[in-house]
Amino acid sequence: MITCPKCTKENQDHYKFCLGCGAELPRDASPKKFAPGTPPHGIPRVASFVDESTTAGTGGPAVAARPRPAPAPVPVAAPAPVVAPVPVAQAPVPAPAPTPVATPAPFAVAPATAAPAASAGPANCPQCEHPNPPNNKFCASCGFKLAPKPAAVAPSVAPAPPPSGVILTALRADGTEAGTFPLPSGTVTLGRDTGAIFAGDSYLSPRHATFTPRGGRLFVRDDASLNGVYKKLRREEPVMVQIGDTFRIGQEILRVEPLESPSPSPDGVERLGSPAKGYVARIALVIGRDASGNAYPLPETGLHLGRERGDVLFPEDGYVSGLHCRLALQNGQLFLTDLGSSNGSFLRLQAETEVQNGDVLLMGQQLFRINM
């Protein structure tokens with residue numbers, strides 16, 4: 001066995017990396033099989049005896065042979081056989097009795113704990129294909145970190161569905177979930193006063209939107225909120241818009257406005273202006289409750305909006321995609337289409353609208369996904 005110098009876990013001699021911490025195991029520190037230099041029990045005496053016989057047989061100087069017998073008294077101390085009272089150490093014989101009693105216990109526990117591991121079977125390293133025991137954290141051959149096996153989840157832990165069967169899930173800007181709100185059964189009005197996942201958004205009105213189940217379907221209505229309720233458009237699916245509708249891309253809020261000729265002055269003088277032939281409407285930036293900023297004429301051929309490409313660009317808005325959406329005229333009707341943008345295009349609801357499973361609503365500064 002090789003003892004890891006970092007975590008002191010014991011590893012097999014052929015392992016290169018520790019199974020406990022993944023540290024590389026020292027090669028020169030691996031203990032070799034025990035091979036005593038001299039066999040036990042009295043070899044020193046036998047060796048001295050051989051030396052004496054050798055000196056006697058070679059006719060060596062008597063002076064050299066005499067010193068040997070002198071140690072002979074040492075063998076007299078070799079009443080090591082007298083140490084044969086080691087049988088007297090049979091008094092420790094009771095000691096072996098507790099030992100067997102202790103040994104069965106660990107061996108009895110080991111099978112119980114090892115049983116699940118055996119059932120799991122060895123796991124092959126994805127890097128070198130070396131088979132490893134199922135409880136290894138690192139490969140014993142190359143040290144690659146092994147992915148833990150997912151623990152089985154008891155199905156009984158699943159939460160009970162809400163009475164209405166509808167859950168609003170708040171989404172962060174990166175798409176991760178920030179919290180859930182199960183809708184109670186029946187008609188329910190939500191807003192900043194509702195608390196829970198709505199309480200921290202100051203852009204939500206106290207009573208912002210009402211959800212109504214009807215005939216197995218779910219409808220949402222804007223309750224005259226200050227900032228409105230927006231529904232996210234599905235990619236590449238045109239949605240009809242009308243004059244007065246408001247939509248949002250990135251941080252830009254735009255309104256579709258009629259393109260009207262300027263009225264004459266009270267004295268009947270016509271106002272000069274650029275010709276509007278070929279234009280059907282205009283889109284204006286909403287910068288306040290009753291204020292608009294830049295306006296862009298909407299030709300019959302349509303407009304593309306984006307951050308880098310298109311007819312109307314918003315280069316300073318990092319939430320707008322390079323090519324974000326399109327406004328086009330088809331059969332005399334305007335359609336807004338999201339062109340696969342990263343953050344989506346949103347159309348403000350003007351009337352009660354049906355929502356379906358997976359739809360995303362923008363209320364205040366938060367996104368909410370409908371789960372039904």
Side-chain angles (χ1 to χ4, degrees), residues 155 157-242 244-250 253-256 319 325 333-372:
V157 184
S164 65
V166 181
I167 296 178
L168 286 183
T169 302
L171 303 176
R172 297 187 179 92
D174 59 359
T176 58
E177 298 181 358
T180 59
F181 181 81
L183 283 183
S185 57
T187 301
V188 56
T189 300
L190 302 178
R192 195 172 67 246
D193 289 347
T194 309
I197 56 178
F198 311 98
D201 191 345
S202 58
Y203 289 90
L204 284 171
S205 297
R207 295 173 58 86
H208 200 98
T210 296
F211 291 82
T212 305
R214 189 182 304 121
R217 300 188 296 173
L218 183 66
F219 296 83
V220 60
R221 183 186 71 246
D222 181 9
D223 283 344
S225 64
L226 180 62
N227 294 307
V229 178
Y230 291 79
K231 181 181 176 183
K232 185 177 182 180
L233 275 61
R234 297 183 184 271
R235 294 184 176 187
E236 302 294 345
E237 292 187 11
V239 175
M240 185 185 301
V241 294
Q242 299 177 349
D245 281 347
T246 302
F247 64 96
R248 177 171 174 170
I249 61 172
I253 300 176
L254 302 110
R255 183 170 54 239
V256 181
Y319 295 94
C325 65
Q333 180 61 52
L334 278 175
F335 288 89
L336 175 65
T337 306
D338 182 81
L339 301 177
S341 63
S342 299
N343 295 308
S345 304
F346 297 83
L347 180 64
R348 184 168 181 172
L349 304 183
Q350 301 294 341
E352 188 176 63
T353 305
E354 181 183 359
V355 289
Q356 300 175 350
N357 182 46
D359 280 346
V360 175
L361 300 178
L362 172 64
M363 297 187 291
Q365 287 288 69
Q366 297 184 87
L367 295 175
F368 299 94
R369 185 179 64 233
I370 306 293
N371 296 109
M372 304 173 62

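Fair warning: this is a prediction, and the values are worked out from it, not measured in the lab.
Contact detail for Gly364 and Arg248: the closest heavy-atom pair is O-NH1, 4.4 Å. The two residues Gly250 and Tyr319 make their nearest non-hydrogen contact at CA-CB, 3.6 Å. Across every non-hydrogen atom of Thr194 and Leu190, the tightest pair is OG1-CA, 3.4 Å. Closest approach of Gln356 and Met372 over heavy atoms only: C-SD, 3.9 Å. Counting all heavy atoms, side chain and backbone alike, Arg192 lies closest to Asp201 at CD-O, 3.4 Å. Among all heavy-atom pairs drawn from Ile197 and Ala170, the shortest one is CD1-CB, 4.1 Å.
Met363 has its side chain within reach of Leu204: a pair of non-hydrogen atoms, C-beta onward, lies under 4.5 Å apart. Residues Thr180 and Leu168 form no side-chain contact, since every pair of their non-hydrogen atoms from C-beta on lies 4.5 Å or further apart. At least one side-chain heavy atom of Ile253 sits under 4.5 Å from a side-chain heavy atom of Tyr230. Contact annotation: the side chain of Ile370 approaches that of Phe211 to within less than 4.5 Å [non-hydrogen atoms, C-beta and beyond]. Between Gln366 and Leu361, the closest side-chain pair of non-hydrogen atoms is not below 4.5 Å. At a threshold of 4.5 Å between non-hydrogen side-chain atoms, the residues Leu339 and Glu236 count as touching. Between Asn371 and Asn357 there is a side-chain heavy-atom pair separated by less than 4.5 Å. Counting only heavy atoms from C-beta outward, the side chains of Leu336 and Cys325 approach each other to under 4.5 Å.
Rounded to the nearest 0.5 angstrom, Leu347 CG and Phe247 CZ are separated by 9.0 Å. Between atom CG of residue Asn227 and atom CG of residue Leu362 there is a gap of 9.5 Å, rounded to the nearest 0.5 Å. Note: Asp359 CG to Leu233 CG = 10.0 Å, rounded to the nearest 0.5 Å.
Here the side chain of Asp245 pairs a donor or acceptor atom with the backbone of Gln242 at under 3.5 angstrom. Between the side chain of Thr353 and the backbone N or O of Ala351 there is at least one donor-acceptor pair closer than 3.5 Å. Using a distance-only test at 3.5 Å, with no hydrogens or angles considered, no donor-acceptor pair links the side chain of Glu352 to the main chain of Asp222. Within the 3.5 Å criterion, the main-chain N or O of Gly228 finds a donor-acceptor partner in the side chain of His208.
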Practice task
Dump the intermediate steps for side chain to side chain contact (heavy atoms under 4.5 Å, CB included) on Glu177 and Leu171, then the final yes or no.
Solution key: CA-CA 5 Å; Glu177 298 181 358; Leu171 303 176; 4.2 Å; yes
Problem - Residues Phe346, Leu367; criterion side chain to side chain contact (heavy atoms under 4.5 Å, CB included); working and verdict - result: CA-CA 11 Å; Phe346 297 83; Leu367 295 175; 3.7 Å; yes
Could you list the donor-acceptor pairs under 3.5 angstrom formed by side chains in residues 181-189, with sequence neighbours left out?
{"from": "Thr189", "atom 1": "OG1", "to": "Thr210", "atom 2": "OG1", "distance (Å)": "3.0"}

